[in-house]
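In what follows, chains carry the letters A, B, and so on, assigned in the order in which the sequence lines appear, proteins first and then strands, with residues in each chain numbered from 1. What's counted below: heavy atoms across the whole structure, side chains too, no hydrogens, waters or symmetry copies.
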Amino acid sequence: MEKKFADRDLACLTQLDEFLTSLEGEKGALIPVLQKAQDLFGYLPMEVLVYISRKIGVPISRVYGVVTFYSQFHLVPRGRNVIRSCQGTACHVRGASAVMREVRKCLELEGGAATTDNLRFTLESVACIGCCGLAPVMTVNGDTYGRLVPEKVGDILEQYR
Amino acid sequence: MSDITVPAVNLTIDGQKVSVPGNFTILEAAREIGVHIPHLCYHPDLSREGNCRVCVVELKGARSLVASCVYLVADGMEVHTNTPWVRETRKTVIELMLANHPEDCLFCVKNQRCELQALAAEVGVRQIRFRGEKRKAEKDTDNPAIVRDPEKCILCTRCVRVCSERQGLDVYTSTNRGFDSIVGPAFGLGLDKVACSFCGQCTSVCPTAALTEKDDTHEVWDALADPEKYVVVQTAPSVRVALGEEFGMKSGGIVTGRMVAALRRMGFDKVFDTDFAADMTIMEEGHELLHRIRTGGVLPMMTSCSPGWVNFVETLYPEILPHLSSAKSPQQMFGVTVKTYFAEREKIDPAKIVSVSIMPCTAKKWEARRPQFDDSGYRDVDIVITTRELARMIKQASIDFAALPEEDYDAPMGISTGGGQIFGATGGVMEAALRTAYEVHTGRKLDNVDFCEVRGLQGIKESQVDFGNGLILRVAVAHTLRNARKLVEKIRAGDADYHFIEIMACPGGCIAGGGQPYPIDNDVRAARMKSMYDIDVQKTYRKSHENPAIIELYDTWMGKPLGERAHHLLHTRFAPQERLK
């Protein structure tokens, strides 16, 4: 049932332990601990959640409930580059769907997949980035790209390959 | 629930004046004066959450309706439970639930037992105004005890609360959010992959068919219809004090004779009693306890007849397994004995025997399928059905239950004592064991067989009994797994200064097991429990070792308790279970 930690994860685990020690005795520490763990591991693997559950005495079911409630937490590995494609009202009316389609085509994302097989890109849709004047918009990591048309998408993504 | 020392407040509900303690909710205050407020997520055994909004009422001066199950009363409050606004809102709430609920009520196992269905009728839903996408989710049918159908879940979280508050297992949680919300185990795993004890308390509080017992009635009908099969049935002690409720009788009504008559009419070849096997369990467990005390064995010894409790220990505390009595549960002792002793005695080929048991329990289904329970050379217990399933079968057979005559169990495995009978109430196994262990140990007759200190609904009970010759037997009794865990932690800390501990997984013991008729609250538990002791008092024999059929079994066939044959057939061992915890 339970997976063992790989060697490369043990270093992350040591850092997580240090963080847990610094929080000792504090109530309501679950979310900061999950954020720290996700920073370290890149996502929240099952064995890390079980480890956290035991360490802080919160049932694994509740840990899982919190993780799945917040969109900031991820149960599967994420790509090194995160694309956020805005689907807010302004972007929507200015062709965000076509942009999104083009991104999926360029990255060869099939079906519902959001992460490329080589873990280079993860694509997410967001409700509003907050720069409707530039609609349609997407961000890659921290960089913002506005007034998009599908033809521009390929060149933008090329910079991150 | 409510403390009478809290100062009273005065309010009016629907124009009626009422004075209640200030920590009452509006719902509780209304109940005091006979005003019924429909509700759904509220359950008297559990914490209040105010999730479902069915119980909304109008409060003078408030901008919006309030949920009466969580809203506390206050002085001068003016509550209206039956205004157009309230009625319309209540109905809309139910309609919205139904909009995301399958419409298969006619074929649903909960048909006519479903609280959502009853509410829809009560508030007068005649159509579903809202049509849209419905939640799609896989059924969990991977275990032999409980079926989870998330499409029928209305997110009331009663299962989350009962599993956490009563059992301390926290199997369930609310996962995801918005339209994708699902109540279930972590990582979407099956119940057999997480620390579920299969106690079935979740099935007993679920208002819909999102959580139900696995239905095994078809297997029983098939066996009964097969002329080649010899079908025997055993009925657990608690079934007879609850089954009547399924036929509109009062809580705790004793229907032993009618139940036996119904089983005969359904076609069982022999109608036997788990009480008989409970007497065997006392013979073995009582002698095991005395043996452990005399030889310096592992103490405290703990009972092992509650399969939810056994799953709990195997999953979460394998290091205390040596404390568990090796004696099999009554169900399994019965199963192995019917296919050996009874088969030999009656010259029946055990391969043709189908052994059915009627249990107040969902975990018994799991227990019967444990690989080690084939010591008879066959599956010791073939099919386990719950009290609720038996009630459905009696209805399917068109038997007029109330009109049945009272009939007696068949001999020899239908003969039992009061000791076997009280197994179904928390403290009952302890009391029965004390009755026998005292006489076996001291050789003296026990005059007062009533050990009242171990009876009742208190979470953890303690007592001591002077066995003479310097042996003061110290015992403890716990029910619910949350209370059980407290005693386990005491053992781990080396503070459990007891000889013997009885644990029942369900609140109140088997009388309120996960396979019993619902609804259940403490009044129902108390009524069923009282009937257990009423039956005990009326029995000719009240000590398990005085059961003439048990004496004959040991004298002519089994040998001595803990003897070679008993060791092989009536004892078992337990092993750790690997699950996500």
**OP:** Step through the shown structure and confirm whether more than 12 heavy atoms of other residues, nucleotides or ligands are within 6.0 Å of CD on A:Glu110.
**Re:**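 Atom CD in A:Glu110 is not packed in, count stays at 12 or less.
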
**OP:** Report, as yes or no, whether the 6.0 Å neighbourhood of atom CZ on A:Arg161 holds more than 12 heavy atoms from other residues, nucleotides or ligands.
**Re:**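 Yes, enclosed.
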
Original post:
What's the shortest heavy-atom distance between B:Lys581 and A:Val50, and which atoms?
Top reply: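 For B:Lys581 versus A:Val50, the nearest heavy atoms are O-CG1, 3.9 Å.
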
Subject >> Nearest atoms (heavy-atom pairs only) where B:Thr173 meets A:Arg62 >> reply: OG1-CA, 3.9 Å

Subject >> Residue pairs involving residues 145-156 of chain A (criterion side chain to side chain donor-acceptor pair (under 3.5 Å); sequence neighbours excluded) >> reply: A:Tyr145-A:Tyr160

Subject >> Where at least one partner belongs to residues 112-123 of chain A, residue pairs that pass side chain to side chain donor-acceptor pair (under 3.5 Å), sequence neighbours excluded >> reply: A:Thr115-A:Thr122, A:Thr116-A:Asn118

Interatomic distance, [X] atom [atom1] to [Y] atom [atom2] [nearest 0.5 angstrom]:
X	Y	atom1	atom2	value
B:Asn176	A:Tyr70	CG	OH	13.5 Å
B:Phe187	A:Ile60	CZ	CD1	4.5 Å
B:Leu580	A:Ser61	CG	OG	9.5 Å

Original post:
Which residues in residues 132-169 of chain B have a heavy atom less than 4.5 Å from any heavy atom of chain A?
Top reply: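 Those residues of residues 132-169 of chain B which have a heavy atom under 4.5 Å from chain A are B:Ser164.
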
Subject >> Backbone N/O of A:Thr68 and side chain of B:Thr175: donor-acceptor pair under 3.5 Å >> reply: no

Would you tabulate the side-chain donor-acceptor contacts of residues 30-40 of chain A under 3.5 Å, counting partners in other chains and residues two or more places apart, or write 'none'?
unit_1  : atom_1 : unit_2  : atom_2 : d
A:Gln35 : NE2    : A:Gln72 : OE1    : 3.0
A:Gln38 : OE1    : A:His74 : N      : 2.8
A:Gln38 : NE2    : A:Gln72 : O      : 2.7

Original post:
With a 4.5 angstrom heavy-atom cut-off, which part of A:Ser53 approaches chain B: side chain, backbone, both or neither?
Top reply: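 Neither part; nothing is under 4.5 Å.
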
